[in-house]
Every structure is written in structure tokens, then in C-alpha cells.
**Q** 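Below: one structure in C-alpha cells.
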Protein chains: 2
Amino acid sequence: MLKNKTYRSTCPLTSLLDIIGDKWSLIIIRDLFMGKNTYGQFLNSPEGISTNILADRLKLMKNNELISYVYKEYNKKVKYYYLTNKGIDLYPIICEMMLWSDKHLKFKEMHPLGLQSIKSIKESGIELEIKETKNSYLKTRSELLKIL
Amino acid sequence: MLKNKTYRSTCPLTSLLDIIGDKWSLIIIRDLFMGKNTYGQFLNSPEGISTNILADRLKLMKNNELISYVYKEYNKKVKYYYLTNKGIDLYPIICEMMLWSDKHLKFKEMHPLGLQSIKSIKESGIELEIKETKNSYLKTRSELLKIL
DNA sequence: TTTTTTACTTGTTTTTTGCAATTGATTTTT
DNA sequence: AAAAATCAATTGCAAAAAACAAGTAAAAAA
């Protein structure tokens with residue numbers, strides 16, 4: 001298991017890197033924004049995360065309170081993951097990262113979240129896009145939590 | 001050496017993670033914004049990067065055109081690193097990351113870049129802070145490049 | 001010319017990742 | 001109720017990357 005014992009410095013950038021500074025965590029967060037919320041759905045993403053890494057990252061991000069999960073009453077097997085408020089607040093970072101790539105890398109085709117978010121940002125600005133995505137996710141989440 | 005052969009997917013988020021998705025790259029970028037620009041100065045940062053990792057990341061970021069370097073005419077030993085435009089464009093991401101940490105983590109004390117940037121953002125807004133930091137860095141860089 | 005500084009490289013150990021196979025509980029089907 | 005299928009993991013192993021310590025080579029300073 002990837003260990004996250006203590007922060008390397010008092011730098012706020014470094015401390016967030018201590019939490020999500022790897023190749024997979026933010027991809028899972030992206031998937032949650034996309035509406036995915038189960039282990040199996042995360043596994044199906046095009047990046048092809050392996051099962052042990054996925055299990056490890058879910059555990060770590062749960063410990064760091066970026067995500068949490070619930071069971072549905074009629075199914076004791078599947079965990080339904082969701083973003084906490086702390087997790088939702090990562091969206092501006094994800095936006096800026098997608099914008100950077102859109103500006104500096106060349107894509108022949110593009111993943112749906114990227115395509116839609118970037119279009120939306122260009123049309124109505126980043127602040128509105130962030131606000132709308134957060135609200136939209138809050139709605140999704142409250143529906144999940146209401147069907148406990 | 002950390003290898004960066006090909007992108008894992010067509011997602012703009014993933015592609016940037018393929019480039020800087022590790023625990024050290026953004027810390028070096030931060031240091032460059034802080035005015036550090038030599039191997040020795042990067043080594044002195046509080047996080048304590050090891051020499052082989054630093055050399056590796058500098059090489060990778062140079063390959064990815066986030067940074068470059070020059071020699072000064074009177075010194076053939078020390079490389080003076082600087083951010084390319086592509087590298088400078090990472091600053092909004094760094095800002096959002098610092099803001100996230102400021103909101104969600106508790107710090108007793110704080111690293112100078114974090115302290116100053118966050119204060120500045122709270123006073124005059126993130127867009128102005130980004131603009132000012134970019135301009136300020138461009139000035140620093142042009143002075144370096146002029147004294148070839 | 002010697003010493004010091006500086007940017008690395010090398011070698012070794014530890015940690016993390018990637019991959020394939022398997023498990024064990026739960027759910028679905030028969 | 002029993003058998004089959006599903007699903008979220010876990011395990012074991014090999015490969016890659018990171019951490020740590022020591023050393024090197026070239027240039028600059030003394």
C-alpha cells in the first residue's frame with residue numbers, strides 16, 4: 001500500500017501532492033464527476049487501472065476524506081462511491097489541468113469530460129462551469145444518499 | 001529513469017498527469033516561480049528531493065518543454081533553468097492546488113510561495129494574481145536570457 | 001597548482017506499480 | 001435450495017521507480 005504518513009513540508013502545493021500526487025487518483029475523481037461510482041465502473045475506464053491500485057487509491061482517498069461510499073439497501077455487495085465536499089473542491093484543479101492540455105497538447109479525439117468541460121469553459125467561462133458542475137454533482141450525490 | 005513513452009488515453013487530464021503526475025515535478029516548477037533556477041537551489045528546498053530524482057525530473061521536464069536552461073558566459077558549469085511559456089501556464093493549476101490546501105488542510109506555518117500567493121488571491125482575486133505572477137516571471141526570465 | 005564548488009552519476013535497498021490468477025461473499029439463475 | 005455467475009477485492013510475483021549513500025568529473029576559486 002502506498003503510504004502517506006506525513007507531509008513533506010509546510011507548502012500547500014506539496015501537501016496536496018502528498019495526497020493526490022500520483023498517476024491515478026485524479027482519474028478516479030474525474031470518473032466520479034462523470035457519474036461513475038462503483039469499483040467495476042472505475043475499472044472500465046480507458047486508462048486501464050489495475051485492480052490492486054484501484055483498491056488502494058479508493059482506500060487512501062477515503063482515508064483522506066476526498067471520497068466516501070454507501071451501500072444500497074437491496075445490495076450488500078456493491079459500494080457506491082461519492083465525492084465529499086473536499087473532493088468536489090478538486091474540480092477547479094481538474095479544469096485548469098484540462099485547459100492546459102487543450103492549449104498545449106494535440107488531440108485527435110478527446111475524452112467526453114474533457115470535450116464537454118472545455119467547450120463549456122470556452123463558452124461561458126471557467127467560474128460558471130465550476131459552479132454548474134458542482135451543483136450538478138451535488139444533485140447526483142443527494143439522490144444517491146437519499147436512497148440508502 | 002521514469003519513462004514517459006505514450007499517453008494512456010485521450011483525456012486531457014490524464015495526458016497532463018502523464019507529464020507531471022508525480023510527487024516532485026510541480027515542486028520544481030514552484031521553485032522556479034520562486035526565483036530559484038539552479039540544481040543546487042532546487043536541492044535546498046525543504047522537501048529534500050534526492051539528487052538522482054532531481055536530475056531525472058529536470059531532464060524529463062526539459063524534454064517535455066516545460067523548462068529549459070542557459071549558461072552564463074562567464075560560467076560553463078552552472079545551468080540556469082527557466083520556465084518556458086508552457087511551463088508558465090502551469091501556474092493556474094498550482095494556484096488552485098494551493099487554494100484547495102488552504103481551505104482544507106491546517107497549517108501552523110506556511111511556505112513563502114503559498115503564503116504570498118494565497119494572500120494575494122484573497123485580496124485581489126485569482127485572475128489578477130495569475131496575471132501578475134506571469135508578468136513578473138516573464139521579466140525575470142528576460143533578464144536571464146539577455147545576459148547570455 | 002591545489003582546493004573547493006557544483007552538477008551530476010552509480011550502486012544498492014526499499015517501495016511502488018503492473019500483471020495474472022484467485023478468493024470469498026453476495027446475487028442471480030435454475 | 002442448489003448451482004452458476006457476478007463483483008469487489010486480495011495475493012504473489014516480476015518489473016519499475018524512489019530513496020539513500022557514496023563517488024566522480026569538470027570547472028571555478030583560492
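Chain naming here is simple, since letters A, B, ... match the order of the sequence lines and numbering starts at 1 in each.
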**Q** Roughly, in whole Å, what's the span from NZ in A/Lys79 to C1' in C/dT27?
**A**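 Taking atom C1' of C/dT27 as the reference, NZ of A/Lys79 is at 17 Å.
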**Q** Taking for each residue the nucleotide of DNA chain C bearing the nearest heavy atom, is the 5' side occupied by A/Lys76 or by A/Lys23?
**A**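 Nearer the 5' end of the strand: A/Lys23.
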**Q** Once you round it to whole Å, what is the distance between P of D/dA17 and CG of B/Asp18?
**A**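 Computing the B/Asp18:CG to D/dA17:P distance gives 13 Å.
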**Q** Ignoring backbone atoms, test whether B/Lys59 places a side-chain nitrogen or oxygen under 4.0 Å from the OP1 or OP2 oxygen of C/dA7.
**A**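 No.
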**Q** Select one nucleotide: of D/dA18, C/dC19, D/dA9, the one nearest the side-chain heavy atoms of A/Ala55.
**A**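 Given the options D/dA18, C/dC19, D/dA9, the side chain of A/Ala55 is closest to D/dA9.
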**Q** Give B/Phe42 one of three labels, base, sugar-phosphate or nothing, depending on what nucleic acid heavy atoms sit under 4.0 Å from its own.
**A**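 Answer is nothing: B/Phe42 stays at 4.0 Å or more from every strand.
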**Q** Quick one: A/Lys72 NZ to C/dT26 C1', roughly how many Å, whole number?
**A**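 Atom NZ in A/Lys72 sits about 16 Å away from atom C1' in C/dT26.
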**Q** Check whether NZ of the Lys or CZ of the Arg A/Lys79 lies under 6.0 Å from the centre of the six-membered ring of A/Tyr39 and within 45 degrees of that ring's axis.
**A**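 No, A/Lys79 does not sit over the ring of A/Tyr39.
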**Q** Okay, side chain of A/Asp18, backbone of A/Arg8: is any donor-acceptor separation there less than 3.5 Å?
**A**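 Yes: the side chain of A/Asp18 pairs with the backbone of A/Arg8.
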**Q** Considering only side-chain heavy atoms of B/Lys77, which listed nucleotide, D/dA17, D/dA26, C/dC8, is closest?
**A**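 Closest nucleotide to the B/Lys77 side chain: D/dA26.
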**Q** Expressed in angstrom and rounded to an integer, what is the separation of B/Glu47 atom CD from D/dA18 atom C1'?
**A**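 Computing the B/Glu47:CD to D/dA18:C1' distance gives 16 Å.
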**Q** Rounding to an integer number of Å, can you tell me how far A/Leu2 CG sits from D/dA18 P?
**A**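 The answer, rounded to whole Å, is 12 Å.
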**Q** Closest-nucleotide mapping onto DNA chain D: is A/Asp56 or B/Trp24 further toward the 5' terminus? I mean the 5' end.
**A**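 Its nucleotide being nearer the 5' end, the pick is A/Asp56.
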**Q** What nucleotide, of C/dA7, C/dT16, D/dA28, holds the atom closest to the side chain of A/Lys3?
**A**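 Within the option list, the nearest is C/dT16.
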**Q** In this structure, how many angstroms lie between the C1' atom of D/dA8 and the NZ atom of A/Lys62, rounded?
**A**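 Rounded to whole Å, this separation is 16 Å.
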**Q** Taking A/Ser25 for the side chain and A/Gly21 for the main chain, is one N or O donor matched with an acceptor at less than 3.5 Å?
**A**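 Absent.
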**Q** For the pair made of CD in A/Gln41 and P in D/dT6, what is the distance, rounded to whole Å?
**A**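 From A/Gln41 CD to D/dT6 P: 16 Å.
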**Q** Would you mind telling me which residue lines up with the more 5' stretch of DNA chain D, A/Tyr81 or B/Arg57, judged by nearest nucleotide?
**A**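 Final value for this comparison: A/Tyr81.
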**Q** Does CD in A/Gln116 sit with more than 12 non-hydrogen atoms of other residues, nucleotides or ligands closer than 6.0 Å?
**A**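 Result for CD/A/Gln116: open.
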**Q** Taking atom P of D/dT6 as reference, at what distance in whole Å does atom OH of A/Tyr74 sit?
**A**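 One finds 18 Å between P of D/dT6 and OH of A/Tyr74, rounded.
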**Q** Is there, by distance only and without an angle test, a donor paired with an acceptor across the side chain of B/Thr51 and the base of C/dT9 below 3.5 Å?
**A**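 Indeed, a donor on one side and an acceptor on the other fall under 3.5 Å apart.
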**Q** How about B/Glu47 and A/Ser9: does a side-chain donor come under 3.5 Å of a side-chain acceptor?
**A**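 There is such a pair between these side chains.
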**Q** With the side chain of A/Asn52 defined as its heavy atoms from C-beta on, choose the nearest nucleotide among C/dT6, C/dC8, C/dG18.
**A**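 Out of C/dT6, C/dC8, C/dG18, the nucleotide with an atom closest to A/Asn52's side chain is C/dG18.
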